[in-house]
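Presented below is the structure to which this report refers.
Here the structure is a predicted model, which means the values were calculated and not measured. Side-chain atoms are counted along with the backbone in the values below, which use heavy atoms only and exclude waters and symmetry mates.
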Amino acid sequence: AEAQNASETDLQTEKQEFISLMEGKIAAFRQSLDEMKALAGNVSSPTRIEINKHSEEMERQIKAAEKNLAELKASNNTAFN
């Protein structure tokens, strides 16, 4: 029983570390997205269109990552394996 509790504690720690890592990555991507959107206001129309297209795709990917992270946070430990 003690070994199982230790294993569950290790798994919980691992899960929390992963969640923290992913939160940091998502925040960095969100900052890059904000910078890209700010840049779009200062460039020519064809370039702005291209930046906006990439911004929209990046936004979709960030939202998907946020959704997956929320599901992980809500899951029990065994789902992390």
Side-chain angles (χ1 to χ4, degrees):
E2 285 182 32
Q4 185 176 2
N5 286 342
S7 177
E8 288 176 13
T9 301
D10 290 346
L11 187 58
Q12 182 65 24
T13 299
E14 209 175 298
K15 179 181 174 183
Q16 283 307 120
E17 289 172 356
F18 180 77
I19 287 171
S20 294
L21 175 71
M22 294 312 297
E23 287 173 335
K25 287 183 182 259
I26 289 170
F29 283 127
R30 180 119 353 244
Q31 181 178 355
S32 294
L33 177 61
D34 292 343
E35 291 169 3
M36 194 182 331
K37 287 179 178 179
L39 175 66
N42 300 321
V43 296
S44 65
S45 183
T47 304
R48 187 176 318 118
I49 291 168
E50 196 62 29
I51 289 173
N52 286 339
K53 186 171 32 170
H54 288 292
S55 294
E56 289 170 6
E57 177 58 28
M58 194 170 183
E59 183 71 43
R60 278 192 291 277
Q61 291 176 359
I62 289 170
K63 285 182 180 181
E66 289 171 334
K67 179 180 179 251
N68 290 339
L69 187 59
E71 290 172 359
L72 176 61
K73 286 179 179 180
S75 70
N76 61 22
N77 288 343
T78 57
F80 184 63
N81 284 339

Residues at least two apart in sequence or cross-chain that pass side chain to side chain donor-acceptor pair (under 3.5 Å) with T13, listed by chain then number, are none
Counting only pairs under 3.5 Å, give me each side-chain donor-acceptor contact of residues 16-23, with atom names and distances, residues two or more places apart or in other chains.
residue, atom, partner, partner atom, Å
S20, OG, Q16, O, 3.1
E23, OE2, K73, NZ, 2.6

Rounded to the nearest 0.5 Å, what separates atom CE in M58 from atom CD in Q61? 8.0 Å
In the structure I gave you, are the side-chain heavy atoms of E57 and K53 within less than 4.5 Å of one another anywhere? no
Over all heavy atoms of both residues, which pair between A40 and I51 is shortest? Give the atoms and the distance, please. CB-CG2, 3.6 Å
To the nearest 0.5 Å, what is the distance between CD1 on I49 and OG on S44? 9.0 Å
Please round to the nearest 0.5 Å and tell me the distance separating atom CG of L69 and atom NZ of K67. 12.5 Å
For the OG atom of S55 and the CZ atom of R60, what is their distance to the nearest 0.5 Å? 10.5 Å
To the nearest 0.5 Å, how far apart are CG in N68 and OG in S75? 11.0 Å
Can you name the residues that form a side chain to side chain donor-acceptor pair (under 3.5 Å) with R30, not counting sequence neighbours? E59, E66
Gap between atom CD of Q12 and atom NZ of K15 - 0.5 Å precision: 5.5 Å
Give a yes or no on whether the backbone of N52 and the side-chain of K37 come within a donor-acceptor separation of less than 3.5 Å. no
Keeping the roles fixed (side chain from T47, backbone from V43), state whether a donor-acceptor pair exists under 3.5 Å. no
